[in-house]
Every structure is written in structure tokens, then in C-alpha cells.
Number of protein chains: 4
Amino acid sequence: MKKVIFVAGSHKASEHSLKLAEEVGKEIAENDCILICGGQTGVMEAACKGNSESNGTSVCVIPSENKKDANKYCSIVIPSGIGFGRNFILVNSADAVILIEGQAGTMIEALASYLQKKSIIALTGSGGVSDKIKDTFLDDYNLTKILSAETPKEAVELALKKISGKGF
Amino acid sequence: MKKVIFVAGSHKASEHSLKLAEEVGKEIAENDCILICGGQTGVMEAACKGNSESNGTSVCVIPSENKKDANKYCSIVIPSGIGFGRNFILVNSADAVILIEGQAGTMIEALASYLQKKSIIALTGSGGVSDKIKDTFLDDYNLTKILSAETPKEAVELALKKISGKGF
Amino acid sequence: MKKVIFVAGSHKASEHSLKLAEEVGKEIAENDCILICGGQTGVMEAACKGNSESNGTSVCVIPSENKKDANKYCSIVIPSGIGFGRNFILVNSADAVILIEGQAGTMIEALASYLQKKSIIALTGSGGVSDKIKDTFLDDYNLTKILSAETPKEAVELALKKISGKGF
Amino acid sequence: MKKVIFVAGSHKASEHSLKLAEEVGKEIAENDCILICGGQTGVMEAACKGNSESNGTSVCVIPSENKKDANKYCSIVIPSGIGFGRNFILVNSADAVILIEGQAGTMIEALASYLQKKSIIALTGSGGVSDKIKDTFLDDYNLTKILSAETPKEAVELALKKISGKGF
């Protein structure tokens with residue numbers, strides 16, 4: 001079974017965040033992990049692009065039931081047909097989660113990951129949700145602290161370290 | 001078609017929040033609306049209890065596929081079998097949303113409601129998510145402001161006002 | 001908790017089947033049960049219509065995330081947003097299932113009900129799936145036999161008998 | 001985007017069907033397609049095993065939200081957390097469908113594929129649903145005929161032919 005890293009972030013992102021996402025996608029491929037994401041535009045598309053250029057495998061679980069709604073860099077498209085309920089499938093599939101920028105939708109994914117005590121890494125300097133929630137707990141139960149990383153390379157390395165520490 | 005008010009909140013709640021939830025459930029019944037909720041313990045159970053005691057109808061969409069996992073005050077149990085993806089079904093079903101206390105799970109429901117621009121009312125003084133997010137927007141897109149109410153009666157009245165303003 | 005009867009059938013149905021469905025909806029109301037169905041046209045709409053005219057309560061779990069896609073006789077609309085995956089939610093919710101006419105979609109609902117060993121009653125003379133599968137098992141495991149009834153009244157009576165026999 | 005073949009069949013299968021499934025998994029790998037399946041035992045496990053031994057990639061969408069419930073030959077596990085609603089995700093993801101043996105659950109997958117007019121190939125001689133529905137339509141709308149193949153090699157070749165004919 002391959003290790004799976006979930007990249008979550010804005011469907012409309014800054015140029016800077018897109019570059020970060022592309023790098024994260026590349027690092028995931030080079031570390032022989034699977035990229036999983038929501039398969040839409042913005043951070044998702046950029047991560048798939050970087051992953052694809054490094055011959056990685058991305059699994060894109062999209063809201064609709066039509067493959068054509070995925071971005072063109074996805075290697076394997078899973079049309080969930082369950083709308084944004086697919087966010088929970090992404091979280092279930094993740095061995096670790098990397099957040100890049102992000103607004104309300106990304107926050108839902110962060111919270112769902114938190115409730116499952118996944119290793120969550122906020123890539124700092126990308127703005128949005130990532131910078132807001134880094135180094136915090138997301139509610140009063142202190143289930144798992146949101147970690148932070150300053151570069152794509154550091155984010156993926158931290159994800160891998162957490163995954164191997166968990167014995168996956 | 002009946003008007004539907006979604007009550008979201010902690011599955012483990014304070015005595016004060018449970019009283020508030022019970023009152024909200026009662027007010028919903030007395031205003032001839034349907035109560036929809038997650039059908040579990042805490043705020044959900046208290047809302048169903050209050051609703052039941054005023055001869056209301058509560059529809060409880062639970063995570064599991066087994067009716068027996070619902071609290072005993074639910075009038076109609078919908079076992080979704082889709083886990084916490086059921087949160088989105090609750091939001092889709094709502095004409096308005098009332099938040100009572102709440103932690104990470106409730107925050108997911110608030111965010112999903114926000115993304116759909118539902119009328120969302122935080123019952124203040126209940127602690128948790130409700131007090132934290134009242135009178136704010138939940139991301140940089142300012143889709144809809146979280147409203148607030150100080151009593152159960154005021155919360156349900158505000159919900160009804162918002163619903164009728166939308167022409168339901 | 002109320003007893004729930006799931007009515008499944010064609011979204012395009014014969015005049016005869018529509019009349020049967022309307023009668024079934026009426027019988028469900030008169031026996032103080034909840035009607036649950038897919039909330040679309042044909043058999044579903046007719047069952048809701050009959051139910052509504054007898055002041056019953058119908059819960060309609062529709063595929064889309066938009067309430068407006070339900071037929072106009074639904075009392076409570078649950079927009080699942082999960083497409084035809086909602087068929088499983090209907091089955092999970094049912095204490096008994098009545099089939100009227102039906103094609104491939106209804107057959108999926110019959111099979112899902114069969115796998116859960118629900119009491120399934122095919123209303124005969126309605127054509128389609130109902131007449132094909134009455135008095136049979138749906139696979140080699142013989143989990144539960146598809147029962148049959150010749151009239152709407154008989155179908156609902158049989159459903160109630162089965163439900164009470166199961167101790168609901 | 002990679003071509004995806006969905007293999008559906010019994011979770012308890014005959015020795016003969018398991019061998020057929022293993023061969024189908026192998027053929028899918030050797031033709032550089034992705035195998036998608038339900039990730040459980042029987043036909044699913046055998047297809048993953050054959051695929052794995054030929055260095056293929058299998059994507060396994062399982063009912064539960066726990067990766068550990070997948071069979072050990074899956075390369076990428078997607079824990080849907082939506083129970084048997086995941087059958088629709090498998091169908092949505094498929095460019096073509098191959099049926100091996102099968103009982104009620106497989107019949108649901110065949111019907112869902114039929115409703116989406118997918119290319120469906122029943123591998124004959126495997127018993128169960130496959131032999132029963134080959135060369136038929138599944139309801140009165142004649143949406144798409146169930147094709148048949150006598151060997152694993154022939155089944156995968158037919159799937160590929162259908163996929164390319166559709167311009168994927």
C-alpha cells in the first residue's frame with residue numbers, strides 16, 4: 001500500500017501559493033508517495049501539475065459524477081458524485097495533510113482532519129487558513145496540534161517523518 | 001413544504017447549553033417548523049426532547065446506517081450511512097441554522113452553512129463555537145455574516161424572519 | 001419514533017401505477033406512518049400526493065442539493081447532494097418497502113433492501129420490476145423473499161404486520 | 001488521465017472465478033490501465049493480487065473509513081466512509097466495467113453502470129450474475145446491452161476497444 005499525502009487549499013489562489021503547491025506536488029512524487037486532492041482548480045491543479053511533471057500519481061476525488069470536471073493534470077479521477085461530502089473521503093484517505101492558503105472549504109478539510117487526529121501541516125507564508133491556524137489546536141479538545149513548515153520541501157519531509165513515526 | 005430549522009451543537013454540552021437547546025426545540029415546534037439535527041447526544045438530544053414535549057416533528061440524520069444509534073426523542077430517523085458527510089445533508093435541508101455551543105464538528109457545519117449562504121444564528125452565552133464566531137464572516141469572501149441571538153425565543157424568531165424574507 | 005414505509009417505483013409510470021401509488025400514500029397516512037421516498041416524479045410524486053391529501057407526512061430524500069428539485073407534494077425535503085447514493089439512505093430509513101412498477105433504479109432499491117433483509121412488498125399488477133421479482137429471492141443467498149400484495153390496502157397492511165412482527 | 005477499468009464481483013467467489021479475476025487484474029496492468037474495485041475479499045482481492053504481481057496500480061474504494069479494511073493487494077486505498085453508496089463512486093470512475101460471478105451487490109453495480117450507459121462486460125463461465133445477465137438489457141429502456149467475453153484476455157481487450165471507440 002502506498003503512502004498518501006492530501007494537499008488541501010484554495011481553488012482560487014495567489015501566484016505565490018500556486019508555486020508552493022506545484023513544489024509540494026513535485027516533492028510528493030519524488031518521495032514516491034501518492035498525491036490525493038480535490039481535483040479542482042487553484043492549489044489542487046498546481047499540486048497535480050507539479051506532481052505530473054515529476055511523473056507522480058495523483059488521485060483526484062471530485063465533487064461531481066463527471067470525470068470531465070477534473071483539472072487536466074490529474075492522473076486518476078474519482079468522480080464521487082457526493083458534492084463536498086467528498087472532503088471527508090479525502091481526509092479518510094490521507095496519511096498526512098498539507099494545507100496551502102485556503103478559505104472556508106479548506107478549513108472544513110482541516111477540521112475533519114483534526115477530528116481524525118491526522119498529521120496536519122500548514123505551509124506558512126501562503127496566507128489564508130494556513131497562516132491562521134498553524135501551531136494551534138482547532139477546538140477545546142486539543143486532539144492534535146496543527147504543525148507548520150516554511151517550505152514545500154520541509155512540509156513533505158515533515159509529513160513523511162510523521163507517517164513513518166506512525167508505522168505506516 | 002414545511003420550513004426546516006437545523007440545530008447544530010456539541011454532542012457533549014454544558015447543562016446551560018442543554019437547557020437552551022431544549023428551549024430552541026420547543027420554540028421550533030410551537031412555530032410549526034420541522035427541527036432537523038444530527039440525532040446524537042448533547043445539544044441534539046436536548047433539542048429533540050424539547051421539540052417532542054411540544055409535539056413537534058424532528059428529523060434526525062445520523063451518521064450510521066442503524067436507526068438504533070439515534071437519541072430516543074427523534075421522531076423520524078434517517079440513518080445516512082455516510083458518516084460525518086451527513087453534515088452536508090443537514091445543511092442542504094436547512095432553511096435556517098441555529099448554533100448552540102459547539103466544537104470542531106459544529107464548526108464544520110457552520111462553515112458548510114456559510115458556503116451555502118444560509119441564515120446562521122449563533123445563540124450567545126452557550127460557549128464554544130457559537131460565541132467565537134457570532135457577528136463575524138467565516139472567511140475572506142464575506143459570503144454571509146453569522147447572526148446572533150441572546151435567547152432561544154429570539155433565535156427562532158430571527159430564523160423565521162430570515163426564512164420569510166427569503167420567500168420560503 | 002414513527003414507523004417509516006419506503007415507497008419505491010418508476011419516475012415515469014403508467015396511469016394505473018400512479019393511482020396505486022396515490023392509494024398507497026393515502027393508506028400510509030391513515031395508518032399514522034411516515035412515507036419516505038425519493039421525492040421525484042411518477043410513483044414518488046403520486047405517493048406524496050395521496051399522502052398529502054390525507055394529511056400525512058412524507059420525507060423526500062432527493063439526489064440533488066437543491067430543495068426545489070423535489071415534487072410539490074413532499075412535506076419535508078432532504079436534499080442529499082449525493083446523487084443516487086441516496087437510494088441507500090432511503091433503504092436504511094425504511095421499516096418496510098413497497099415496490100410499484102419500477103425499472104433499473106427501482107431494482108437497485110429492491111436489491112439494497114434485500115441485502116439488508118428488509119420486508120419488501122411488490123404491489124402486483126403494476127408491471128415492471130414489481131411483477132418480475134414478486135415471490136422470489138434476489139440472489140443465491142436467499143436472504144429474504146420478496147412478498148406480494150394485490151391492492152394498496154393489502155400492501156400497507158402487510159407492511160404494518162411485518163413491522164410489528166419485528167418489534168418496531 | 002489514465003484509463004480505468006472497474007472489476008465487480010463476489011466477495012465470496014469460487015476458485016475458478018478467483019483465477020479469472022487474477023487474470024483480469026494482470027491483463028489490466030499489462031495494458032497500462034488502472035484497476036478500480038471495491039477493495040474487499042473474493043473477486044476484488046484476486047483482481048488486486050493479479051494486478052499487483054504485474055506491477056499495476058489498483059485503486060480500492062472501500063465502504064468503511066478505515067484503510068485497514070482493504071485487502072492487502074490494494075495499491076491505493078480510498079476509504080469512502082459511505083458504506084455501499086461507494087458502489088456508485090466505483091461506477092462513476094469507470095471507463096468500462098467487467099463483471100465476474102457476483103450476487104446481489106454485483107447486480108447493483110451492474111444496474112448502476114447500465115443507468116450510466118457504461119460499457120459492461122460479463123465474463124462468462126464465472127457463474128452468478130455474470131452468466132445471468134450477459135447479452136441482455138437490464139430494463140425496458142434498453143440503455144446499453146451487457147456484452148460478454150469468454151476469457152479474461154478477451155474481456156480486457158473488449159473493454160479497451162470500447163474505451164477507445166468512445167474517444168477516451
Side-chain angles (χ1 to χ4, degrees), chain B residues 1-6 28 32-39 48 51-52 55-96 112-113 115-118 163 166-168, chain C residues 1-6 28 32-39 48 51-52 55-96 112-113 115-118 163 166-168:
Chain B
M1 206 184 295
K2 297 262 190 166
K3 293 169 191 167
V4 177
I5 298 179
F6 168 29
I28 290 171
D32 198 28
C33 292
I34 301 293
L35 164 65
I36 193 164
C37 75
C48 289
N51 190 261
S52 164
N55 299 311
T57 297
S58 59
V59 178
C60 297
V61 185
I62 61 172
S64 85
E65 56 188 34
N66 191 339
K67 279 192 184 200
K68 290 173 185 162
D69 296 330
N71 74 62
K72 65 183 172 186
Y73 302 105
C74 295
S75 10
I76 304 171
V77 180
I78 310 290
S80 71
I82 66 165
F84 290 103
R86 75 81 150 80
N87 294 4
F88 291 94
I89 298 182
L90 292 166
V91 171
N92 293 340
S93 304
D95 294 317
S113 302
L115 283 168
Q116 290 198 25
K117 300 182 196 174
K118 301 277 177 177
I163 291 170
K166 281 186 175 159
F168 283 96
Chain C
M1 205 184 298
K2 297 262 191 165
K3 293 169 191 171
V4 177
I5 298 178
F6 168 30
I28 289 171
D32 198 30
C33 291
I34 302 293
L35 164 65
I36 193 165
C37 75
C48 289
N51 190 262
S52 165
N55 299 310
T57 297
S58 59
V59 178
C60 297
V61 185
I62 61 173
S64 86
E65 55 189 34
N66 192 337
K67 280 193 183 198
K68 290 174 182 159
D69 297 331
N71 75 62
K72 66 182 171 188
Y73 301 105
C74 295
S75 7
I76 303 172
V77 180
I78 310 290
S80 71
I82 65 164
F84 291 104
R86 76 80 151 82
N87 294 3
F88 291 94
I89 297 181
L90 292 166
V91 171
N92 293 340
S93 304
D95 295 316
S113 302
L115 283 168
Q116 289 197 25
K117 299 182 194 173
K118 302 276 177 177
I163 291 170
K166 279 185 177 162
F168 283 97

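Residue numbers begin at 1 in each chain, while the letters A, B, ... track the order of the sequences. Computation of the quantities below employed the complete heavy-atom set of this structure, encompassing side-chain atoms and omitting hydrogens, waters and symmetry-equivalent molecules.
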Suppose we screen for side chain to side chain donor-acceptor pair (under 3.5 Å). Which residues come up paired with C:Glu65, at least two apart in sequence or across chains? none
Are C:Thr57 and B:Lys2 close enough, and set up right, to give a side chain to side chain contact (heavy atoms under 4.5 Å, CB included), and what steps lead you there? CA-CA 10 Å; C:Thr57 297; B:Lys2 297 262 190 166; over 6 Å; no
Side-chain contact test, heavy atoms from C-beta onward, threshold under 4.5 Å: evaluate it for C:Asp95 versus B:Lys67 and give yes or no. yes
Considering only heavy atoms, which portion of B:Ile36 lies under 4.5 Å from any heavy atom of chain C: side chain, backbone, both, or neither? side chain
Side-chain atoms of residues 74-82 of chain B: list all donor-acceptor pairs with protein atoms under 3.5 Å, sequence neighbours left out, distances to 0.1 Å.
unit_1	atom_1	unit_2	atom_2	d
B:Ser75	OG	B:Ser58	N	2.6
B:Ser75	OG	B:Ser58	O	3.2
B:Ser75	OG	B:Ser58	OG	3.2
B:Ser80	OG	B:Ile62	O	2.8
B:Ser80	OG	B:Pro63	O	3.4
B:Ser80	OG	B:Ile82	N	3.2

